[in-house]
Structure formats: C-alpha cells, structure tokens
Amino acid sequence: MRGWTGRALRIDLTRRKHMVQELDPHVLVDFIGGRGLAAWILWTELPPGTDPLGPHNKLVIAAGPLTGIQGGPNSGKVVVAAKSPLTGGYGDGNIGTWLAVNMRKAGYDVIVVEGRASRPTYLYIENGEVHFMDADHLWGLNTWSTEDRLLRTHGRDVGGIYIGPAGERQVKFATVVSLKGRSGGRPGIGAVMGSKMLKAIVVRGTGRLPIDAEEAARASSDAVREGRTSKAYDFWMRQGTTMTVEWAQEASVLPAYNFNEAQFDGYERIGGNMVEKYETDLKSCPICFMPCGHWIPAVSGTVETDYENIAMLGSNLGIDDLAKVGELNRIADVAGMDTISLGSALAVAMEATESGLLRDLGIRVEWGDFNAASQLALDIAYRHGPGSLFAEGSAYAAKVLGREDMAMHVKGLDVSAYDSRAAPAMALAFATSPIGAHHKDAWVISQEVRTDRFSYSPEKAEWVIAQQRVRGGWFEAFVSCRFPWVELGVSLDHYVRLIRAVTGVDYTRDRLDLVADRIYALIRAFWIRELGGWTRSLDMPPPKWFKRPLTRGPLAGAKLDLDKYNGLLDHYYRLRGWDNNGVPRRSTLKALGLGYVADQIEKYVDVYD
Ligand code: PTT
Ligand code: SF4
C-alpha cells in the first residue's frame, strides 16, 4: 500500500504511554484521511455521551495522502478534530502547519491523544520517539511565545501546534495555533487540548513520504502551473481573502452590527484595498504557491488577517479602523481563540448593551467601541469577570441574557461572515454544515448573488451538496488546501490524477463523491448519537434571518421565508437519502458501506427505516 504511512501514533497522557497502531487498509481507502479518518476514529472509539472536556475525549490530528507532498499544491495542512465542547457534536478544523509535513515524515497518518496529564505537558515526537515533556514553564504563555520558546528548544525545522491562555482556560471556542497566523479548530479544539493539560505538540520527521515522488511531482507541477498562470493570481497575491470585504459590501452580504444589517458605511477603511496599502508582510502555510497570510499593522504590533477576521471583528461590531480590527485579531491569535466566534460573542455583548441587558453585569460595550471590545476580548480569553459568560460561546451567553435570538449560530457554532437573508442556498449551506455554521463546506453565495438570489429552487440544494462533496469531502480527506481550486480555478482533474498517482487506488470523481457522502453520513450519525436524537430544527439557519428584515441598503426588507426554506431543506434531505428529520436512512447507510452505523443510531430515532 502506498500513499499512506498506514500508521497511527496513539498517545495516552494519563498513563504517559504511547503505541503505534497499524491502520486497516480498507478504512484508509474508504475514508482516505483527514476528516474521514477523524470521523471514523471518533465514531468507532468514543463511548456515547463522552464529556468533551473529560479525559475520554480524543484529540485527533489527521493528515491524508496528499499531506506534505513536495511541490504541493498547498499540501502543508492537517485536520484537528474531537468531540466539540462548543456544540456537543463532531468538531474539526483545518490548519496550515509544519507539524503536518513532519508527522507524515515521522511515519504517521494520524496522531490520537487521549487521557489527561496530571500537570502541564507538551509532546515532543521525533520520528519513532515520543517524549512527554514538562510544560510548567510554558503554561500561561501565549501561543506566539510558546512557539518561540519551543523552536528555540527543538530547532526551527520542527513543526508544532500550540494553545494559549484561552485553551488553558477551556474557552469553548479556543483554537490551536501555528506559525503565529494559522488558527484551527473553531469548535473548541484548543479547549480540548487545554482540558488534557497539553500545551503543545512538536514533531520532527526526517523520513520519506510513502509515495512515487516522480509521478506526484508531475501531477503537482501541472496543477501549480495552471494556478500561477490563472487570471486571478495577481490580484489574489495582492489581497488574498481580504478582497472579499468590497465584494460583500457590493453584494449586501457583509455582516454589520451583529448581522442586523448587510452593508457597512466604513467598509473601505477595513477592506482589501487598505490591507494591500498597509501590508507589512506576506506569509503562508508550508508548501504553498499562493500565500494568503497578509500581515497588517495593529494597535500594538502586526498581525496576519483574513476576510472573516475583518468582517467579524470590524463591520459586525461597527469598528471601521483597520489597526483596531487588527488588534482584536491579534488578541485572538495570541490567546488562541477563533476570531469568528469571538466576533460573534462581542456582537452579542454590543446588542445586549443596546437593549440594556448588560446592566446587571456592570459592563457596557457600545457598537464601535474598540476599547470596551478589546477589554472584553481579553476577559474572555482569561475568563475574567463577565468574560467568563461569553467564553461559553455566544449561544450560551445570549440564552443567559434572555435573548437567544441575538446569537447567530447553527448547532452552537457561530455563522461566518456572510449575511444570507437574500441567499437561501448559503443559508442552507450554513445550516447543514457538519460542524455547525461554517462556510468551509459550501460557499455557494458567490454563485447565488450572480444568479437569482431570492429563489428557493430545488437546484440550490444540489449546489450545496456538490460543494459539500468537494470542499467538505475531498479536500478535508486529502488533506490539502482547497484555495487553488476555489480561488484560482485549478481543475479538480489534477487532484484526481494526484490522489490516484499517490495512492495507486483507482479513485474517480464519482468514487471521491461517494467517500464524501460516507464521511457526511458518518458525521451525521455521530451527532445523532451524541445528542441522543435529531430534529430538523437543528438544520435551521439563525432565527434572525427569518424574523428581522434588513432595514437599509438596496436589499432593505429582505429576509428568509420559513416555508420556502423548509421546502429547500426537504429537497436537500431527499438528495442525501436522509429522512424528513435529517436522519440518514438505513438503505443510504448500507449503500455507503455503513450498515453497522444504522444498527446503532436506530435506538435514538422513533421511527427508523
Ligand atoms: C477557519 C476559520 C477561517 S476560514 C478564518 S479566515 W478563512 C478565521 N481565521 C482565524 C485567524 O486567522 N485567527 C484566529 N484566531 N481565528 C481564526 N478563525 C477563523 O478560522 C485558513 C485558510 C482559510 S482563511 C480558509 S477560508 C481556507 N480554509 C480551508 C479549509 O477549511 N479546508 C481546506 N482544505 N483548505 C482551506 N484553506 C483555507 O485555509 P478552521 P489556517 Mg484555519 C489569523 O482552521 O478551524 O478550519 O477555521 O486554518 O491554516 O489558518 O488557514 O477566509
Ligand atoms: Fe495556506 Fe493560504 Fe496557501 Fe492555502 S492558500 S496553503 S491557506 S497560505
């Protein structure tokens, strides 16, 4: 078998033991890697009802056959996954880090960490050796200082992921951070690491990847050439994802004032053109030909930024100064928190202030008030005072404040930065994303605003599934950055050729779609098991988009229509082979080779066919 190392490194922090496990080749072929492997491990190994912040939860760091390939395209990424403390369901993220490359060269497709250390610990893995290292001197440090210290100790050729104060304090949306500008695991994967007293994982791998390097290099270089010569390349290199600010304003999808509006007067002061003008540096994940890490000045230094960060910490809070937005971004990066969820929590605090709901807590955070927002962001990271309430996530905070409608989330995960009142397909994409509301699995909004954006035609459900298959299935399983395809239009045929060349398995587009559907069905089953059942209300976009129309701009009056949305959701379920409540049918699971899963979820569902 080639392409995979075929080995998992299993680490038990409680017993300070490790072992290497051979992976079942059938599982690798059926799930490929990354999210597929992580979902399979969590489904197979977690006892139902596992406490996400308890020792029995497992932190899965999963690479795939394309991870680490020299020449890419963009192969320096890895999936970090666990049962989520924010949502109670399946959670993962995809992070660019040298750890991805090193773990494959050390001989592992996946690292699984369970148990809980009795004192602060970090793992240092050098090929076959695993060292449980004392992290007392690192506990309390932020993610950047932790990385600096560990690279000084182990050399600059290692790769690592790190948590900061937010992960240590189990802030529910704490992430893991690498390379100072890469943050992964929105649904609280950093909190899972913190609950295990695990400050960092550092890996040095010096072996060779188990691939036919020549064939892989040919397929990679064709893909890279196509990307580099694409029309979009030049502008992408100048602005990266931050160009989306101007587009989102024009399309009336830019979140403003906690998604109460979809345009923002100060957008030009925080947009891609400003980023281009003031940029101080451009960085990337490992093995990338189209760097998107744009560094900008912040109030107290510099920071790497993206569209999501700018929109959620800028327009959505009414802040129109790029350095101030950058400062909030910086607080999140050094503390190790998700910027999207942080922006959402701060926006709830602002809406609550406006409604007089924060008086009892003794704080005021007005729209646009950077000082109050940055203080609350720090209080969240360190769980000081009222910060502790918002550290539980916006959904929890809004509920405690008595106004659940203020929180913009699905399944507990905050919506990323696209207002979807006039984009039903994007609303469906958020609502059916397998980790809660995130755009990573389907970003149909650009197609939607170019066509009939108000329509609920059944083909929109087809768009969502088509994208979920490729973005949420292929790329999350390969594991490889999807941007060459999404942003530069690099043909998917290159990826089919590459995965075939690397693994020797005769994957086709259809077969890869089948893998994607298998992963989706298994993740859905995991949620059903962990929540003890399912209802279609869990696949609904936030109520605000149905109840509160936009009041300004060319789309004033726009909101989602509940009956029509339900029709679209019905169609989505039908296409997926799931029943009217969103439960994968027995016949569907069998066709995907998951018959054993049907037997287990039957007990959580009243009527099951
Ligand atoms: C991703 C999510 C995103 S998605 C953004 S901006 W984006 C936010 N970035 C954050 C950040 O920065 N700092 C911080 N403290 N929190 C942040 N939270 C938000 O996290 C990311 C890129 C981006 S930038 C995107 S779309 C693409 N995502 C990919 C994906 O999901 N899969 C894949 N195969 N390829 C992808 N390529 C692109 O990667 P999460 P990263 Mg991130 C500062 O991790 O949990 O998936 O959340 O991983 O290495 O930073 O790359 O406009
Ligand atoms: Fe990382 Fe951006 Fe390159 Fe993708 S395009 S690999 S996210 S730097």
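For the numbers below, each heavy atom of this structure counts, side chains included, while hydrogens, waters and symmetry mates do not. Just so you know, ligand 1 is whichever comes first in the structure, and atom 1 is the first atom listed for that ligand.
Residue pairs meeting the ring-ring contact (aromatic ring centres under 6.0 Å, His included) criterion with at least one partner in residues 287-317, sequence neighbours excluded, are W144-W295, Y307-Y418.
Protein N/O/S atoms found under 2.8 Å from atom 3 (Fe) of ligand 2: C288 SG.
Closest to atom 3 (C) of ligand 1 by heavy atom, among E308, R182, K77, is E308. Comparing heavy-atom distances from atom 24 (S) of ligand 1 across D306, L328, V78, I331 singles out D306 as nearest. Relative to atom 31 (O) of ligand 1, the option among R482, E487, R471 with the closest non-hydrogen atom is R482. With distances taken over non-hydrogen atoms, the option nearest atom 13 (N) of ligand 1 out of V80, T241, T97, D333 is D333. In this structure, of H439, K180, R186, the residue bringing a heavy atom nearest to atom 4 (S) of ligand 1 is H439.
A salt bridge (Lys or Arg N to Asp or Glu O under 4.0 Å) with E476 is found for exactly one of R35, K440, R471, R469, namely K440. Under the side chain to side chain contact (heavy atoms under 4.5 Å, CB included) test applied with D92, the options I189, V80, I435, L42 reduce to a single match, I435.
Applying the side chain to side chain donor-acceptor pair (under 3.5 Å) test to T242 and every residue at least two apart in sequence or in another chain returns nothing. For A425, the side-chain contact (heavy atoms from CB on, under 4.5 Å) criterion is met by V444, E448, K460, W463, V464, not counting sequence neighbours.
For ligand 1, the polar-atom distance check against N329 finds no nitrogen or oxygen pair separated by under 3.5 Å. Where the criterion is an N or O separation shorter than 3.5 Å, residue side chain and backbone included, F483 fails it with respect to ligand 1. In terms of N/O distances under 3.5 Å, ligand 1 is approached by S183. Considering backbone and side-chain N/O atoms, D92 never comes within less than 3.5 Å of an N/O atom of ligand 1. For the pair D338 and ligand 1, the shortest N or O to N or O distance falls below 3.5 Å.
A donor-acceptor pair under 3.5 Å is formed between the side chain of T5 and the backbone N or O of D109.
A heavy-atom separation below 4.0 Å is found between S480 and ligand 1.
The two atoms that bring R104 and T67 nearest to each other are NE-O, 3.0 Å, heavy atoms only.
Sparse packing is recorded around NZ of K324, with 12 or fewer heavy atoms of other residues, nucleotides or ligands lying under 6.0 Å away.
Residue-level proximity to ligand 2 for E487 is absent, since no heavy atom of it falls below 4.0 angstrom.
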*asked:* The test is salt bridge (charged side-chain N to carboxylate O under 4.0 Å, His left out); show your working for R509 and D513 and say whether it passes.
replied: CA-CA 6 Å; R509 281 190 180 224; D513 283 351; over 6 Å; no
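Shortest contact from atom 7 (S) of ligand 2 to any protein heavy atom: R182 NH1, 3.4 Å.
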